[in-house]
Structures are given as C-alpha cells and as structure tokens.
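Note that the numbering runs from 1 along the sequence shown for the chain.
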Amino acid sequence: MADRVEVYKGVLPVSLGADALGGAVNIVSRRNANYLDATYSLGSFNTHKVSVNGAYTNMKTGFTLRSNLFFNYSKNDYKVYAPIVDLNTGLQEGDAWMKRFNDQYHSVGLKLESGVVGRSWADYLLFGVIASENRKHIQTGATMDAVYGKVHSQSYSFIPSLRYKKTNLLTPGLDLLLYATYSMVNTDNVDTAQVKYNWRGESVRSNSRGEGYLTDALIRERQWQANANVNYVIDNYQSLTLNHILTSMHRKADDKEYPDYALNGVPQILTKNITGLGYQIRYDRWDANIFGKMYFLHTSTHRLLDQFLETQRYERVSEDKHQAGYGAALTYHLLPSLQMKASFEQAYRMPEANEIFGDGFIQKSNPSLKPEKSRNVNVGLLYAERFGKHQVNAEVNYIYRHTTDFILKGVSLTSDPTTAYDNIGKAITNGVEASVNYDFNNRLHVGGNITYQDIKDRERNVETTQSYVDQGATENVSYGQRMPNIPYFFFNANAGYNFRNAFHRGNTLSLEYDGDYVYKYYLTFPGLGRPTSKKYIPTQFSHNASVNYVMGGGRYSVAFECTNITNEKLYDNYRLQKPGRAFNVKFRLFLQKM
C-alpha cells in the first residue's frame with residue numbers, strides 16, 4: 001500500500017502537523033489509478049497473511065474506487081527461554097525453553113474509498129470507511145515473570161473518513177489539503193479465570209479470580225481527527241505553509257466485574273490542537289525554513305485520592321495547557337555533492353490518550369502526565385555522488401536535546417508487572433549517528449547505519465506532593481544515570497544483489513541480507529539495586545536473508561525469507577522475548593493498467 005517512506009531527522013515540516021520531537025517517519029500511500037495487488041504468505045508458528053489491494057479509475061468521468069482487504073493469523077507458539085515456577089511451592093526452578101501457548105492472534109479488515117479525481121474543482125475528493133476486528137490472546141504481563149493462560153483482548157473498529165485536495169485553488173500557487181476521520185473503537189479486555197499458570201502450561205486453581213488483574217471491561221473510544229493544510233508558493237524562491245491538526249478522544253469504560261465502580265461510564269477526554277505556520281526560502285545553494293507552532297491540550301479525567309484511607313475517593317481533574325514553539329532549519333551546499341544541515345527547535349510533545357488513560361489492563365493510567373518540552377539541535381553533513389554506474393551516499397549527524405518533563409515508560413518489577421508513563425524532570429541527550437550506502441548500476445547495494453545516543457536523567461531533586469510521608473523536595477537517586485529501556489548503541493547493515501534476466505528474459509532474482517546489532521541496556525535505572533540482581537536486555541545481533549524472484553515484468557513474484565538465521569535470543573525494550581529462527585514464503589500477483 002506504500003509508495004515510499006520518508007525519514008525526517010531533526011525539525012519536521014509544518015505540513016506534517018505532528019508534535020514528534022527530533023524526527024518522524026512518514027509513509028506515503030500509493031496512488032496508482034488502476035491496479036490489482038494480491039499477496040499471500042505463510043510461515044513459521046502457523047502464520048498466514050493475506051492482502052488484496054486495488055483501484056479502479058474511469059479517466060473520463062474521474063470516478064474512482066479503491067479497496068484494501070487484509071487477514072492475518074498466527075498461533076505465535078514460538079519457544080522462549082522463560083522462568084519456571086513450581087505452582088505447588090511457588091519456588092523458582094530456573095529458566096527453560098518452552099512454547100508460548102496463549103498468544104494466538106488474528107485480525108481482519110476492509111478499507112473502501114470512493115469519489116472523484118482529476119476534476120477542475122478537486123484533484124481528489126474521496127469518502128472512505130475502514131472496518132476491522134482484532135483478537136489477541138495475552139501470554140504475559142509487562143515482563144515474562146507473569147504468565148497467563150486464558151487472558152485475551154478483542155476490539156472492533158469502524159472509521160469513516162474524508163480526503164480532499166486542490167492545487168491552484170482560486171489563484172495559482174495556492175494548494176489546499178483536507179483530511180478528517182471519526183474513529184469508533186470498542187475493546188473488550190477479559191481476565192476472569194480462577195487459575196494460575198506457569199510456562200510449562202501447567203495450571204492450578206487460584207485463591208482468587210483473575211490471572212493478573214480481574215477485569216471484564218468494555219472500553220469505548222470515539223475520536224475525531226482532522227487536518228487542514230494550506231500552502232502558497234509566493235514565487236520561485238518563497239513559500240508559506242499553514243497547518244492545523246485536531247485530535248479529540250472521548251473514552252468510557254464499563255467493567256462487569258466491578259458494577260459499583262465509581263468511574264463506570266464516566267467519560268475521559270483528551271483534545272489536542274496544533275497550529276503551525278512555516279516560511280521557506282530557496283536561493284542558489286541555500287534552503288531555509290522558519291516556523292512557529294501553537295500547542296493546545298485539554299484533558300478531563302479522574303484521580304484517586306487518599307488511597308487505602310476512609311476518605312478514599314475519585315476527584316475529577318480537568319486541565320488546559322497551551323504552549324508556543326518555534327524553530328528553523330537550514331541547508332547549504334558546500335559543494336554540488338556535499339550538503340550541510342542544521343536545525344533548532346523548541347518543541348512540545350503532548351501526551352497520547354493511552355499514556356494518560358492506560359489500556360485498562362497492563363498499561364496503567366497517569367492523569368498527572370505533563371507534556372514534554374524540548375530544545376533540540378541537529379547538525380549534519382550529507383554527501384551524495386554518482387560516478388558513472390556507481391552511487392555513493394553518506395551522512396553524519398550530531399543530536400542534542402534538552403528535555404523538560406521527559407516522558408518515560410517504566411515497568412513495575414512485581415509478581416504481576418505493569419507499565420506506566422511518567423515524567424522525568426529533566427533529561428539531556430547527546431548523540432551521533434552515521435550512515436553510508438553504495439549502489440552499483442542498480443544491481444549491487446551495500447549499506448549500514450550506526451547510532452550512539454546518551455540519554456541521561458539530569459534532574460537533581462524531585463518534588464513529592466502525593467505521599468503520606470516525605471513531602472517536598474528530595475534528592476533524585478537516579479541523577480546522572482542513563483535512561484532505562486532505551487538502547488543507546490546499535491547499528492545495522494544490509495547488502496543485496498539483483499540478477500537481471502535470471503532463467504528467463506525480463507525476470508529478476510534478488511538476494512538480500514540485513515543484520516541488526518543492539519548493545520545491552522538495563523530494564524531499570526542502572527545505578528539502582530545490586531549489580532547481581534539487575535535485569536537487563538542482553539546484547540543482540542540478528543541476521544536475516546531473503547530470496548525474491550520477480551517474473552512477467554513484475555506481474556508475479558515469489559519470495560522466501562529466513563529471519564534470525566542464527567536463532568539468537570532477541571528481546572524488545574522490556575525484555576519480552578521475540579521469535580527465534582523463522583521461515584516465510586510470500587506469493588504476489590500485481591496487475592496494472594497504464
């Protein structure tokens with residue numbers, strides 16, 4: 001479905017309208033007029049993926065119909081090296097290789113979009129709808145110390161949308177782009193079994209219901225999202241962009257297991273408005289962007305007060321916050337093939353709904369979460385040169401961020417671990433990243449990227465306001481320590497070769513390899529606790545390879561892929577183990593009417 005992927009480092013264009021700090025990835029969808037693209041893949045762990053994408057356009061009338069259908073299923077019964085507990089004694093028996101047994105997943109969805117394209121009054125006007133359903137069995141809590149056998153979650157989504165674009169609106173050089181959706185998502189979280197499991201799949205009757213956190217909750221989320229972008233080209237050198245994005249989330253939850261819960265059916269609200277105005281000037285070797293942004297955040301939720309006391313109660317908390325941000329980006333061609341880049345911004349990242357409200361199960365809420373404020377500097381050099389059939393690209397960047405109220409996702413290392421987002425008073429980031437890529441005649445390509453980012457807690461004192469003891473400022477025990485759950489040194493490498501006219505004229509055989517390395521990092525602040533008992537995400541180096549054979553001028557293809565070839569132990573940021581060696585084969589049919 002993607003035409004291309006754009007990677008932004010440093011300041012973001014105003015037209016994206018995002019409040020991301022320091023960069024973003026923008027996926028641009030395909031706009032082919034008439035095509036059919038169908039794929040089917042099957043692989044390890046009983047994994048099946050089906051997708052059918054297509055578009056029909058009448059070039060005379062401008063009528064168009066576009067559809068995307070997908071189905072994914074996996075049993076996810078891969079082996080993990082997991083801690084074994086004797087259910088009768090509660091004693092640890094060490095780690096062993098065991099299959100996941102409650103991690104089945106499936107999703108199905110349909111996207112339809114129809115309207116007109118290529119009219120005098122609209123480049124396109126499209127009305128769409130997305131309907132989808134997801135069901136996932138939940139194998140663990142926030143870490144693998146908690147193992148579940150009957151917990152599951154299911155969601156249903158219905159999302160109508162509207163998209164409109166017109167270039168040269170009213171006057172040459174004035175472009176308008178509109179996008180709006182209304183999301184209706186219902187999610188059921190179910191954890192009601194009176195049972196306890198271990199990683200062997202053994203179970204015993206528990207003293208209480210709920211393997212992790214007793215719940216049978218229906219969460220109803222309704223969200224408006226709208227984006228308007230106006231761009232005006234003043235002349236050959238200058239342009240102006242005005243962008244506004246609105247996101248408004250209303251959320252209600254009802255838990256059958258707690259019919260008297262005070263917050264059943266009580267709405268929680270989060271509304272974000274971001275307005276940006278940017279000016280761009282291009283002249284000779286120079287390209288400069290100057291922009292300003294206004295951020296508005298409204299939240300309405302409830303906070304638990306006086307927990308465990310007779311006066312325990314929920315109090316409604318409503319906050320309105322607004323901030324102004326600004327920045328500039330500059331590029332200059334020192335040579336035709338050598339470009340210097342520099343950018344500065346004072347930006348804000350508003351909390352997301354799941355960060356404030358939680359997910360109703362493992363991800364806990366934090367109604368007091370504050371926006372991040374960050375001053376960011378990016379400086380870099382980009383080299384791109386072609387020598388006949390040889391193409392070389394190289395880039396190096398320095399990153400500095402001074403962040404107030406840094407939003408960090410933490411893990412509670414308990415018998416039933418959970419996660420929650422919290423603010424770190426001040427964090428400073430220093431980082432360097434570099435990449436190099438070489439291509440020969442669109443046949444051979446070799447490349448790699450390396451990153452080092454030092455993100456440390458620089459808040460000397462912390463303020464305690466909601467504790468029965470130790471009110472006021474106290475010394476921050478994690479001052480000067482590296483942030484947990486964030487890798488700080490990693491690199492990747494890739495190589496590939498295309499054999500043209502392989503076995504038959506017009507066919508192409510492609511061989512690809514990529515490797516990923518991540519140096520070890522800690523699950524909690526590294527300076528806290530005994531060194532022998534600290535949990536960390538170990539060093540990982542994985543290798544993947546694929547073979548792709550394209551036939552019929554691109555109409556048919558078959559690809560074979562092996563991931564994690566050496567069967568390494570791989571983990572995510574919170575030490576949840578990922579699959580070992582896996583195999584996958586994918587068949588594709590692509591038909592296009594020119």
With a 6.0 Å cut-off on ring centres, are Tyr549 and Phe560 close enough? no
State plainly whether the residues Arg349 and Asp405 are in salt-bridge range, i.e. N to O under 4.0 Å. no
Can a donor-acceptor pair be found, under 3.5 Å and without considering hydrogens, that links the side chain of Ser44 to the backbone of Phe583? yes
Electrostatic pair Glu459:Lys426 at N-O distance under 4.0 angstrom: no
Without swapping roles, check the side chain of Asn354 against the backbone of Phe357 for a donor-acceptor pair under 3.5 Å. no
Have a look at Asp145 and tell me which of Gln92, Lys535, Arg575 forms a side-chain hydrogen bond (donor to acceptor under 3.5 Å, both in side chains) with it. Lys535
Looking at Lys534, I'd like to know if its NZ atom is crowded, meaning that more than 12 non-hydrogen atoms belonging to other residues, nucleotides or ligands lie closer than 6.0 Å. yes
Donor-acceptor pair, side chain of Trp199 and main chain of Asp95, under 3.5 angstrom: no
Centroid-to-centroid, Phe499 to Tyr497, below 6.0 Å? yes
Under 6.0 Å between ring centres: does that hold for Tyr197 and Phe101? yes
Pair Glu568, Asn564: side-chain N/O donor-acceptor within cut-off below 3.5 Å: no
State, without any angle test, whether Gln154 and Asp188 hold a side-chain donor-acceptor pair at a distance under 3.5 Å. no
List the steps and the verdict of side-chain contact (heavy atoms from CB on, under 4.5 Å) for Val50 and His48. CA-CA 7 Å; Val50 180; His48 302 264; 5.6 Å; no
